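What follows is one structure encoded as structure tokens, with my remarks underneath.
Here is how names work: the chains are called A, B, and so on, in the same order as the sequence lines, proteins then strands, and each is numbered from 1. Here the structure is a predicted model, which is why all the values come from computation and not from measurement.
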Amino acid sequence: MDILAGLNPAQKEAVEAINGPVLILAGPGSGKTRVITHRVAYLIKVTGISPRRIMAVTFTNKAAREMEERLEKLASASVQNITLGTFHAICARILRTDGPAMGIDKKFVIYDDDDQIALIKRSLQDLALDPKQFAPRALQSVISNAKSQMLAPGDLGGKSYFEEVTRRVYERYERLLGDSSALDFDDLLMKTVLLFKQNHDVLDKYQSRYMHIQVDEFQDTNLVQYELVKLLAGKYRNICVVGDPDQSIYSWRAADIRNILNFEKDFPDAKVILLEQNYRSTQLILDAATNVISANRQRKPKGLWTKNEKGEGPYVIETYSEEEEAQWVVNEIDRLVRSGVVKSGDCAVMFRTNAQSRVLEEAFIRYGMAYRLVAGTRFYERREVKDIIAYLRLIQNPNDSVSLMRVINVPQRGIGERSLDELTRWAKDQGVNEYRALQLIADAGDDLPFSPRTVKALAGFAAMLQNLIEKSQELDTVKLFDLVIDKTGYKQYVTGLVDGDERWENIMELRGVAQDFKDMAPEEGLTALLESVALVADVDALPEKTETVTLITLHQAKGLEFPVVFIIGMEEGILPHYKSIDDPAQLEEERRLCYVGITRAKQKVYLVRAFRRHLMGSSNVNKPSRFLEDIPSNLITRGGVIGKEDEWATTYKVSMNEPKQSKELPEFKAGDHVVHEQLGEGVVVSYRRTKNDAEVAVAFDGAGIKRFLLSFAKIEKK
DNA sequence: CGCAAGTACCTTTTT
DNA sequence: GGTACTTGCG
């Protein structure tokens, strides 16, 4: 039984406890993923359970991918028969198959955040409400929260005027979703639960199939998700949930730690297994993390321990500004790499908010150090990508009015704002959706509130769409893709835009995604393509080990580990985030976020803060994060807890600018041939003196144009 | 109707 | 500091 080899007693117990409910509480670095994958492998290989009777649910696509890879190594061929995916993906599949039993259009589209906002704005418009007074974002969040708790519009009380408005918007929004044959993210979960509750045959089908169910990151599940799991496990009760309440960082998305407590209530016979041995971090890092998290009051203490060496405690670093913070990080990574301690791929820089990555990126670019930013501007959020997807969605489901309104005039077809308003109003009067209205207009001819020119434009669009729909019956996804960018005129349109080349490249990248579905039957291929696009937000299915530094948000870092971790912005207002400071519960979540960050580190962790930072234009002086004070000074390897702002000069500090001024900087001019230490030969494109430095842009053969600060870059004339 | 310039607005984390 | 929305002009 080599599947159990190398596991510690607690891990072994967790793998072997396959009968009945199990709750695994797993500390960071305790081999959680290992346990889950080994459990599944054990089920298949040792007890001979058919893979198709196993479901493994994860919270993110990344986690699903990782589990799949690991399982492939352990249990090879049988893996593809396991139902493995995110809650949303699994539910989408169930609804695609059995949704029609409760009146869900088989061809439903999945609306993401942006689509939801568009539809909420439409709802406000329909109800003659002012979007300035009722922020669409806020409404979206309230509606989403309601759905996460299975609340229908009618369940929202009319306690205040705002609630009353929310109820009305929610109602209208649901109506519009239905008219568009669309489901939003929350619907995928909620409707599946409703389907199971309303249709016993369907529930029985799934209950009977799934003999074993595993749920990862259980602390991040919301009420609907837990409900779903309970229903699915209703027959065999072989349910295993794995989580760590200390790493619950998604309560803002309605994740509910109470699910862990309720699990023990709902399954009183549940076996509870603690994984407390940490295999990841040095003792001092683990101690520091434990001290940080222990300050939370709403938690059960845990006995995390490790056999690892004592190692180094956290480094606490203070810099003057956020620019220096970024520069310092880059310098330190460079120093570590040069001294041979680590490779740059071993380093990760983590931050609370995406906005912090900009300054960081600039420093990396200036220095000429390679990095990868995990999901910066997300690929699927780019305008041109969304436009093409909207066309594809329309082909699959022309009722999708958000997509229709999005692209009806992109590229411009002479259908302006006024015509669109009129179209919406007319469709509403006729009691049909926009697509149907277009068809009616194309057929009607006279007697319409549109100018002949507009009628022609609208009819033209309808005819084009109709044609694409017909062609889609026989073309594979790639051929259809090419036809779309050709017939819609998008190709010509996009190449004429200012960043035409870049946008075109993005479209070609999307075409690459379409290629994955090329061999499927036409309709299925399109459905599968759209589903993967809707549910897999990160296009970077990059392998974990890369040769470059990783820049990542603390949230995204959960589940990962790196030898060297930098957490920047260790300041009041950033971490903890200023929006969370007033609310004790939210503050505890910020602390957990900090804990997640520290526990990612194996060897070294740097807690970096800037004395002065620009926020929304103006410059602020921030206090050190309160979380730094939770780390006893004897654990800190360098730096110490930094004092109040006026003591800045007396505390440990790092400053890079001072001695540089006197140094003679080499001068270049455009056209000079130069050599860069890492990037090789290149030609100077521009040269510009700044206050104490000079900025030079160099075009390299392989690497394109890079910009450097001369005081840092190692460039010489050839 | 389309485009350009100007204005007001807002900033957390993601399936 | 960036973007989404508005205004004004051709």
Side-chain angles (χ1 to χ4, degrees), chain A residues 57-64 85-92 110-118 121 131-132 135-138 140-141 144 147-148 183-190 217 220-222 224-225 247-255 322 350-359 362 374-375 377-378 380-381 383 409-422 451 453-454 457 497-498 531-538 552-558 569 573-581 583 586 589-590 592-594 596-597 613-619:
Chain A
V57 194
T58 61
F59 188 66
T60 64
N61 292 297
K62 202 161 59 185
T86 63
F87 275 104
H88 296 268
I90 290 174
C91 286
I110 300 168
Y111 275 3
D112 68 10
D113 275 18
D114 283 354
D115 302 322
Q116 284 186 57
I117 296 288
K121 283 184 184 160
K132 275 184 192 135
R137 280 259 160 241
Q140 188 241 350
S141 142
S144 170
K147 288 189 175 188
S148 301
L183 299 180
D184 63 26
F185 280 133
D186 301 303
D187 281 339
L188 294 176
L189 309 170
M190 188 178 75
E217 307 286 13
D220 289 330
T221 53
N222 62 31
V224 189
Q225 287 164 331
Q247 293 183 65
S248 161
I249 52 176
Y250 286 100
S251 72
W252 52 275
R253 264 185 62 193
E322 75 253 54
M350 302 179 184
F351 35 84
R352 174 67 234 260
T353 68
N354 274 313
Q356 289 171 260
S357 71
R358 216 197 74 251
V359 179
E362 282 167 8
V374 176
T377 326
R378 260 171 254 98
Y380 290 116
E381 279 168 19
R383 198 188 317 157
N409 201 35
V410 183
Q412 297 89 283
R413 302 186 173 90
I415 305 169
E417 208 178 328
R418 280 194 52 184
S419 306
L420 283 180
D421 275 355
E422 199 53 56
S451 69
R453 205 175 58 174
T454 309
L497 293 177
V498 264
E531 198 138 305
S532 100
V533 159
L535 297 174
V536 184
D538 45 6
I552 193 169
T553 65
L554 286 163
H555 280 88
Q556 290 173 315
K558 194 176 64 159
I574 306 283
L575 184 66
H577 195 268
Y578 72 96
K579 289 218 165 182
S580 308
I581 280 177
D583 179 346
Q586 284 193 58
E589 181 143 320
E590 297 287 314
R592 292 193 291 269
L593 204 47
C594 182
V596 165
R613 181 181 301 270
H614 291 278
L615 272 177
M616 290 176 241
S618 63
S619 169

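If you check every strand for non-hydrogen atoms under 4.0 Å, A/Ser419 touches sugar and phosphate atoms only. Among the atoms of the strands shown, only primed sugar atoms or phosphate atoms (P, OP1, OP2) are found under 4.0 Å from some heavy atom of A/Tyr250. Within 4.0 Å of A/Lys121, counting heavy atoms only, lie sugar-phosphate atoms of the nucleic acid but no base atom. Residue A/Asp113 is classed as a base contact, given a heavy-atom separation below 4.0 Å to a base. Residue A/His577 is classed as a sugar-phosphate contact, given heavy-atom separations below 4.0 Å to backbone atoms only. Among the atoms of the strands shown, none is found under 4.0 Å from any heavy atom of A/Asn222.
In this entry the distance linking OH of A/Tyr111 with C1' of B/dT15 reads 18 Å, nearest Å. Rounded to whole Å, atom P of B/dT15 lies 6 Å from atom CG of A/Asn61. The nearest whole Å value for the distance from the CD atom in A/Glu217 to the P atom in B/dT14 is 14 Å. The CZ atom of A/Arg613 sits 15 Å away from the C1' atom of C/dG1 (whole-angstrom rounding). In this structure, A/Arg418 places its CZ atom 17 Å from P of C/dT6, rounding to the nearest Å. To the nearest angstrom, C1' of B/dT13 lies 15 Å from CE of A/Met350. Atom P of nucleotide B/dT13 and atom CZ of A/Arg137 are separated by 11 Å, given to the nearest angstrom. Summarising the geometry, the separation between NE2 on A/His614 and P on C/dG2 is reported as 13 Å, rounded to the nearest angstrom.
To the nearest 0.5 angstrom, A/Cys594 atom SG is 12.0 Å from A/Ile249 atom CD1.
In this structure, A/Gln140 and A/Ile117 approach most closely via the heavy-atom pair CB-CD1, 4.0 Å. Pairing each heavy atom of A/Trp252 with each of A/Glu589, the nearest pair is CD1-OE2, 3.4 Å.
Counting only N and O atoms by type, the side chains of A/Thr353 and A/Gln356 include a donor and acceptor under 3.5 Å apart.
Between A/Glu417 and A/Arg358, the residue anchored nearer the 5' end of DNA chain C, judged by the nucleotide with its closest heavy atom, is A/Arg358. Of the residues near DNA chain B, A/Lys579 and A/Leu420, the one whose nearest nucleotide (by heavy atom distance) lies more toward the 5' end is A/Leu420. Comparing A/Gln140 and A/Gln586 along DNA chain B, the residue whose closest nucleotide (by nearest heavy atom) sits nearer the 5' end is A/Gln586.
The side chain of A/Asn409 lies closest to B/dG2 when the candidates are B/dT15, B/dG2, B/dC1. Side-chain proximity of A/Thr553 to the nucleotides B/dC1, B/dT13, B/dT15 is greatest for B/dT13. Side-chain proximity of A/Tyr578 to B/dT11, B/dT15, B/dT14: nearest is B/dT11.
With respect to A/Glu362 and A/Arg358, a salt bridge is recorded, a charged nitrogen being found less than 4.0 Å from a carboxylate O.
Checked by distance alone, A/Trp252 brings a side-chain donor or acceptor within 3.5 Å of a matching partner on the base of B/dT13.
Here the separation of C/dC5 from B/dT12, taken at their C1' atoms, is 23 Å to the nearest Å.
When the side-chain nitrogen and oxygen atoms of A/Gln556 are compared with OP1 and OP2 of B/dT14, one or more of them lie within a distance under 4.0 Å. For B/dT12, neither phosphate oxygen OP1 nor OP2 lies less than 4.0 angstrom from any side-chain nitrogen or oxygen of A/Asn354. Side-chain nitrogen and oxygen atoms of A/Gln412 include at least one within less than 4.0 Å of the OP1 or OP2 phosphate oxygen of B/dC3.
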Just do the side chain to side chain contact (heavy atoms under 4.5 Å, CB included) check on A/Phe59 and A/Thr86 with the steps written out, would you? CA-CA 5 Å; A/Phe59 188 66; A/Thr86 63; over 6 Å; no
